[in-house]
Each structure stands twice: as C-alpha cells, then as structure tokens.
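Everything on this sheet refers to the single structure shown next.
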Amino acid sequence: MAELIRMPKMSDTMTEGVIAEWHKKVGDKVKSGDVLAEVETDKATMDLEAYEEGTLLYIGVEKGSSVPVDGVLAVIGADGEDYKALLSGSSGGSQDVSTAEPVKPASTGGSAPANGTALAPSGNANKAEVATTLPDKEVVSAAPAQNVNASVIRMPKMSDTMTEGTLVTWHKKEGDTVKAGDVLAEVETDKATMDLEAYEEGTLLYIGVKEGSVVAVDEIIAVVGEKGANFKVLVDGNGSHGAPATNGTAQPANNGQSGSETAKQNPQTEVPANAATDLSYAGEVGDGIGESGQAEQSNGRVKASPLAKRIAEEKGISLTQVHGTGPEGRIVKSDVESFVPQQKPAAQPAPAQSAIQPAPSAPPQATAPVTQAAATADRFTGGDYEDIPVSQMRKTIARRLGESMFSAPHFYLTMEINMDKAMELRGTVNAVSPVKISFNDFVLKACALALKQHPNVNASWLGDKIRRYKYVNIGVAVAVDEGLLVPVVRNADQKTLSTISGEVKDLAGKAKDKKLQPKDWEGSTFSISNLGMFGIDEFTAIINPPDACILAVGAIKQSVKFEGDTAKPTNVMKVTLSCDHRAVDGATGAAFLQTVKELLENPMRMLV
C-alpha cells in the first residue's frame, strides 16, 4: 500500500522546512534508509531518509519550497499503484481524487492536464519529477480525515541520527486541556532526554503509547483536538479501510460492541490508553489484518515499521508470521523481539495414494537458526549472567559507527609531537586566563587553524560529491555513562583558547547531565577524541560521519632526545589521524598533521 511522506519535525523548534535538494525523482526505486531529499530547518540542513521501500510515485513539492511540519512531500508505493485516493484523504470523503494526476514517465512528454496548473520546474526538477498538479491546499496540509477537528501527535525526529525514541514520562493525561507550548511528555533519544511540546491547542483525546515504550520516528503517540471529536479515524490511518478480511472479525469491546462503534459513541472514555497495542481497538474488519493477525496488504506487502523490518532481517524472521499490534495491525519492534516461531500441527493421515506428500510440520527454515542459537546459548552458559537492555544512545553508537567502519575505507597516520613549549606556554597562559586551559584545548585550536590551511581535510563524502566546508566546527568526543556524545565547538578557528576551554567544559557538563540540544551536536566538520587522560599512549578512532577525519590524541609521555651526543629529557605526545580515503588522500592527511605538529611545537603562533 502506498505511503505518504510528510515533512518530519527534525528539531524541537522546527515548524517548517525548505526542500533544498531532491536526491530521487519520480519513478526511482527507493530502499529504507535512502536519502530522498535535503531539508533546510531552523538549525541545519539535514537528510530526509525513506522509511518505506518501493517506487517514488509522486513529488508534490518543488526544490526551494517551504513546507509546514507534517505537510505531504511525496508518495512511495508499488510500481504503478494508484495513490490519488491517498492524497484525497483515502476515506471516501468529499475530496475529488482527480485533483492529483498520476506521474508520467519522462519519455512521454505529456502536457499538463486541463483541470490543474502545471508547476514551474526548478533546479534539477522536471515535469516527470514533480506532479503536474497538486491536490487542494487543505489536502496537502496535515488536515485530519473526514473533517475531524483533531491532530495526531507523532514521534518527532529530534536529531539527525534518531530512528526511535523511548517515551519516559507523560506530563499530561487523557482529558487534560493542552495549550501550545505545553510539555506533553519526556522522550529519551539517542543523544539526550528532551521535552515533547504541544503545537496544537485542545484536549488530549488519546494516548497510544505507555511510559517506557520504544516508538519509531513518525509513529502516532497521541491525539489532541476538540473534546468529543471522533479521533479514531486518525489513529486508523486517516479513515482508510482496505478490503474486508476474509476470516478475521472485530474483537468485541467490554460492552459487547465493536471497538469502532464504542469509540464513535464515546470516544473520550471508552478507547483504551493502549489502543495502539489493543486488538479490540485496532483489529477491526477492514484494517488489512488477516486471519493470523499480520498486517499484510492486498498487494502482498507487510506493513511494519523500518526498525521492525531491520530487526526481523537480522534475526531471520519472516514478517508474514509476526502478529502486528501497532495501529492498523502494523508490526512494531516489540512484536519482532517477542516473536516465537510456532510449529504447525502435524498433518492428518492422508489416503494411500497421497502418502508421498510431505507433512507440513516443520517450522520455517528462516527462523530455525535463531531458535537454535538461543537454545545453544542457554545450554552452554557457564554461570550467572545479566542481560542489560540496550539504551537508545548505545543503539545509535552501534549503528552509526558500524556503518562508518564498514562503509568508509579508513586509513591511519600517526605522528609524534614535542610538547615541551606547549607545556611551558600552558603554565603562562593559565596564570592569566579566566578558565583553566587544557592540553586538549591547545590541540583543538591547532586543528582548527590547520583545517583552514588544508580545506581538503575539512570535508565530507556525500556519494556523488565531496563537500568542502568554509567554516570550522570541531566535534569533541565526551564520555558519558551510557556511551559517547560529540558536542560541537563552532567556528573554532576564530575563538581564543579561553573561549574554547569554556565552551568545551560547558558542553561536556551538558552531555553528562543529558541536557544537550540538537544545535549542540549537529554540524561538525572534524572530530577529536582524547584518551590521554587515561594514560593511553596511542589509539585509532572511528570516523564520526559525515566528517572525513577524526584525530585520536594520546597521553604526553616523557622521552629522551639527543642534542649531539647529549641525551635530554623531553615530553612527547602521539596523535593518529583516521581518514576516509574516499575524500582524503594520504599526502593530504600527512600535510595536515605536519601543520598541527608545527603549531603545537611552536604554540605562540596560535596566539598571534
């Protein structure tokens, strides 16, 4: 079934975004994780990723256009699928489905239809990439289905790396009056715990996620609107209903009526708070849930969240066997993690002439290795152990650094730097500085100045181009209890050592207290990781995407240098530069390191 792609909320202050660039055109095949477009927000220009697989059927927004949060951008579905009803509300409402014409291949060169006005192409867009007509303005916006005076609250994308969030605490309950700016809940992301604010006024009609639940980005978590509004059509997918299930029937509510009828008669009090996971609420006839409960559509596609799909693929689980408990029977993460393959009952004895037919009693091969591995682990455990749930931060560290290590060809350059003069100057500077200057501050300043001299290192690999930045934003790795955060010192080349030191201390404190905001960690062009304070002589760091390089800094160690035949003590620090060979070559990285070495061995140059 075709899916609408809406403008996501990419920061806690974002109300609209501008399409800076489309990376896909109508007719292109799209996979989960593909970058569809670049979106300029109030904080940064960020990638808009696809969370569904299929064909890009429709683009409704030109490059350079501003779109409100939750406004329709595009449609992804099966090749040749009719998506017009989806743009019209997909509920049999009053909208005329003819307002959105299907996208035609570029080769047809067809003219714009008579009932609409063609959009003027802009940038790389052409008539095949942008639909020749748009639906009515109220259709393209996030207007509720069937004129319901309510709006859904979805899990926002609070950082550029966030794929899901944990709802820590609800600050409102069903029935409470909500004003714009009120804090509805606290959400734990991969970077910090942040407030989820309301952007609509009204009554909190529905809470679909329990505290402690993990929710994928853009999934429905609540509904705010006019008291008594029939919000169920929003939770059920804008009022859309597929073909009736052949064998499935609606689960009865406590009063003997269907969940649908109960919600319509008394939507405020009868709908359970866990409706997103309650089959009496989400499993009615027409939701596309078959006899076994899986969210399989008429075209054979299984409706599941991107995270659930990825986990199922990793575990070798067939989604057609998983019972979906999300809205419209959508399969979510918890469904896959709790899935236990069931053996089918043995076949009844067959007549003699059909004895050669095998009995379908064996479980699916795809799930056998998973079950066998779990059984093996339990059988050979040598003693007590503890399974620790993985935090959102740790999941993101595993995913992003795994992608970096296995997609970016790393190479490493190590150099020794004499730190005698830097140690001497540090004592002099700290005597007059309002804040204590660390050796890491010296390294950060030296790297910032060196990046201005070597712009090829201050870059990112973007697949079909290399982006060289004209500003220097340096990410500083900070260890926290749950993992690692990389807050950013912006325009570091223009700042004094004392300013850099103050910012790094402030950002490190926010990181440890989980108070960092997206603006604090977004936009780095180069990163530094320092383990010298732990006595580590040298190490190699994994590149922090989208940066092309990261510098690993070791401890300052006493060594011996020879002046003629005379041995003298000296202080040496080893640094290792990890480079993405797609964007940075060996000679380029070596020249950058040489400049860093010269600045640190003659640090007075950084002060004038």
Side-chain angles (χ1 to χ4, degrees), residues 1-4 32 51-54 76-78 86 90 152 154-155 163-165 167 206-210 213-222 232-253 258-260 263 271-342 344 363-364 366-367 370:
M1 187 177 73
E3 296 281 347
L4 290 175
S32 179
Y51 292 95
E52 298 288 341
E53 294 188 0
I76 292 177
L86 189 65
S90 63
V152 296
R154 299 178 183 272
M155 176 61 71
T163 59
E164 63 184 10
L167 206 146
Y206 165 76
I207 290 178
V209 177
K210 294 181 179 180
S213 299
V214 178
V215 186
V217 167
D218 212 33
E219 292 288 344
I220 296 175
I221 57 178
K232 185 176 183 297
V233 294
L234 302 177
V235 179
D236 280 348
N238 292 338
S240 61
H241 295 281
T246 54
N247 297 314
T249 57
Q251 296 290 334
S258 71
S260 175
V271 178
N274 65 336
T277 57
D278 188 271
L279 293 181
S280 67
Y281 182 73
E284 60 177 314
V285 175
D287 279 347
I289 305 175
E291 181 178 11
S292 61
Q294 60 264 42
E296 186 170 359
Q297 306 301 318
S298 59
N299 60 3
R301 293 177 62 201
V302 175
K303 198 163 189 178
S305 70
L307 183 62
K309 292 179 182 178
R310 187 169 73 244
I311 294 175
E313 183 178 357
E314 292 172 353
K315 291 187 174 183
I317 296 174
S318 173
L319 288 175
T320 58
Q321 299 176 339
V322 180
H323 183 89
T325 60
E328 298 182 77
R330 180 185 289 267
I331 298 171
V332 295
K333 171 189 172 187
S334 57
D335 300 329
V336 180
E337 292 184 334
S338 61
F339 172 72
V340 177
Q342 300 290 333
K344 296 181 181 179
T367 60
V370 179

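Start at 1 with the first residue, then count along the sequence. Since this is a predicted model, take the numbers as computed values, not measurements. Computed from heavy atoms alone, side chains included, the values below leave out hydrogens, waters and symmetry copies.
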Checklist entry - With sequence neighbours left out, what residues match Val214 under side chain to side chain contact (heavy atoms under 4.5 Å, CB included)? => result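 Checked Val214 against side chain to side chain contact (heavy atoms under 4.5 Å, CB included); matches are Glu164, Thr166, Lys333, Gln392.
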Checklist entry - How long is the span from the CD atom in Glu3 to the CD1 atom in Ile76, to the nearest 0.5 Å? => result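 Output value for this atom pair is 9.0 Å.
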Checklist entry - Got a second to check how far Met155's CE is from Ile220's CD1, nearest 0.5 Å? => result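 Here the rounded value is 12.5 Å.
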Checklist entry - Where do Val336 and Leu319 come nearest, in terms of heavy atoms and distance? => result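 The answer is CG2-CD2, 4.1 Å.
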